[in-house]
Amino acid sequence: MIIATILGGCNNHPASPTLLNKVENLMPAQPDSAYALLASIDTDTLNAGSFARWCMLKAELSHRTSHVSVPSIEDMERTLNWYKKQGTEEECLKAGFYLGMAHAHEGESDKAMNIYARIYTIAEKRHDFQLMGYTCSYMADLYARQDYPSLSLRKTKEAAVWFQKANNKRSYVCALRDIC
């Protein structure tokens, strides 16, 4: 019985990285299909690394589309901690950014703003214009929710500059739209 349990558990793990790869490949062109696959994965069967990757993919989908919810604060904290130990600096920055999104989603604006400010500072040192633009954009959203229109406008203008430098035409146009 012990051997059957061990072998049964092992069968769940090899399929998960394959599914996560499929999700990642589908995200740019077919985000709905990517989400359907992602939602079909039983996260209780994932090891720590696969779970962290699952959370990052879900967070990226929530960033790209409005109908996918942000992972919970607890899940994003767990993910960030895993990437701090096992991941790259870029992965840690993304996980931190998504943790900020989770705090913002839960109405914890001050925590989200503090996280975004730290992420922005690191991204600025790395000349990561894309992440700087997204961070400014999300900060602008928080300012708008808190009824600080002038700060929101300033951050949106800043986001437009960074998106233009990153050659992210879609986000640049969206920032210009939001400025208007």
Side-chain angles (χ1 to χ4, degrees), residues 23-24 27-29 31-32 34-35 38-39 51-85 87-180:
V23 168
E24 193 168 19
M27 278 188 359
D32 291 335
Y35 180 66
L38 194 67
F51 179 78
R53 186 166 176 221
W54 181 91
C55 278
M56 290 282 274
L57 290 169
K58 185 175 183 196
E60 187 172 339
L61 277 167
S62 72
H63 171 71
R64 290 174 181 244
T65 62
S66 60
H67 65 279
V68 176
S69 64
V70 180
S72 70
I73 292 169
E74 296 79 22
D75 287 348
M76 284 314 307
E77 285 175 340
R78 182 175 155 196
T79 298
L80 177 58
N81 288 333
W82 190 87
Y83 279 109
K84 282 180 179 177
K85 293 175 188 167
T88 64
E89 184 181 10
E90 183 176 336
E91 291 167 329
C92 286
L93 283 172
K94 279 186 178 181
F97 175 75
Y98 295 143
L99 176 59
M101 283 175 50
H103 279 287
H105 180 73
E106 293 296 322
E108 298 178 357
S109 298
D110 291 341
K111 287 183 181 180
M113 194 65 79
N114 287 333
I115 290 170
Y116 291 149
R118 284 195 311 266
I119 297 298
Y120 181 87
T121 300
I122 296 167
E124 187 176 34
K125 288 177 185 171
R126 296 181 73 217
H127 303 286
D128 187 340
F129 302 129
Q130 181 88 329
L131 186 55
M132 291 167 68
Y134 284 127
T135 304
C136 286
S137 181
Y138 277 71
M139 290 170 97
D141 290 345
L142 284 175
Y143 283 135
R145 278 191 241 153
Q146 295 173 337
D147 203 25
Y148 296 116
S150 62
L151 291 174
S152 179
L153 179 60
R154 188 174 82 199
K155 280 297 178 186
T156 304
K157 287 178 179 179
E158 192 176 342
V161 169
W162 298 129
F163 287 137
Q164 186 176 33
K165 285 188 177 193
N167 201 29
N168 181 340
K169 291 177 171 79
R170 182 183 183 281
S171 294
Y172 174 66
V173 169
C174 288
L176 292 178
R177 175 204 62 207
D178 292 345
I179 291 168
C180 292

Does the side chain of [X] reach to within under 4.5 Å of the side chain of [Y], using non-hydrogen atoms?
X: Phe51; Y: Trp82; value: no
X: Pro28; Y: Arg64; value: yes
X: Lys157; Y: Val161; value: no

At what distance, to the nearest 0.5 angstrom, does [atom1] of [X] lie from [atom2] of [Y]?
X: Ile179; Y: Ser152; atom1: CD1; atom2: OG; result: 10.0 Å
X: Cys55; Y: Glu77; atom1: SG; atom2: CD; result: 11.5 Å
X: Tyr120; Y: Met139; atom1: OH; atom2: CE; result: 8.5 Å
X: Lys84; Y: Thr79; atom1: NZ; atom2: OG1; result: 12.0 Å

Inset, instruction - Walk me through it: do Tyr172 and Lys165 pass the test side chain to side chain contact (heavy atoms under 4.5 Å, CB included)? - result: CA-CA 9 Å; Tyr172 174 66; Lys165 285 188 177 193; over 6 Å; no
Inset, instruction - Decide, yes or no, whether a salt bridge links Glu91 with Lys94 under the criterion of side-chain N to carboxylate O below 4.0 Å. - result: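 The answer is no: the pair does not qualify as a salt bridge.
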Inset, instruction - Run the numbers on Tyr116 and Lys155 for side chain to side chain contact (heavy atoms under 4.5 Å, CB included), then give the verdict. - result: CA-CA 12 Å; Tyr116 291 149; Lys155 280 297 178 186; over 6 Å; no
So which heavy atom on [X] is nearest to which on [Y], and how close?
X: Leu80; Y: Cys92; result: CD1-O, 3.5 Å
X: Lys58; Y: Val68; result: O-CG1, 3.9 Å
X: Gly133; Y: Phe163; result: C-CZ, 3.3 Å
X: Pro31; Y: Leu61; result: O-CD2, 3.8 Å
X: Leu93; Y: Ile119; result: O-CD1, 3.7 Å
X: Ala140; Y: Thr156; result: CB-OG1, 3.2 Å

Inset, instruction - Determine whether the side chains of Lys169 and Asn167 contain a donor N or O and an acceptor N or O closer than 3.5 Å. - result: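 Their side chains do contain a donor-acceptor pair, which is all the 3.5 Å distance test asks for.
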Legend entry - Under the side-chain contact (heavy atoms from CB on, under 4.5 Å) test, residues paired with Leu151 that sit two or more places apart: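 By the side-chain contact (heavy atoms from CB on, under 4.5 Å) rule, Leu151 matches Tyr143, Tyr148, Arg154.
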Legend entry - Parallel, tilted or perpendicular: rings of Tyr98 and His63 (30°, 60°):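 Judged by the thresholds at 30° and 60°, the geometry between His63 and Tyr98 is tilted.
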Inset, instruction - Look at the aromatic rings of Phe129 and Trp162 and report parallel, tilted or perpendicular, splitting at 30° and 60°. - result: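 Because their plane-to-plane angle is under 30°, the rings of Phe129 and Trp162 count as parallel.
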Legend entry - Side-chain donor/acceptor of Ser137 to backbone N/O of Tyr134, under 3.5 Å: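 Between the backbone of Tyr134 and the side chain of Ser137 there is no qualifying donor-acceptor contact (under 3.5 Å).
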Report all side-chain donor-acceptor pairs from residues 101-113 shorter than 3.5 Å, counting only partners two or more places apart or in another chain.
from   : atom 1 : to     : atom 2 : distance (Å)
His103 : ND1    : Glu108 : OE1    : 2.5

Legend entry - Leu131/Arg126 under side chain to side chain contact (heavy atoms under 4.5 Å, CB included): CA gap, chis, key distance, verdict: CA-CA 10 Å; Leu131 186 55; Arg126 296 181 73 217; 5.8 Å; no
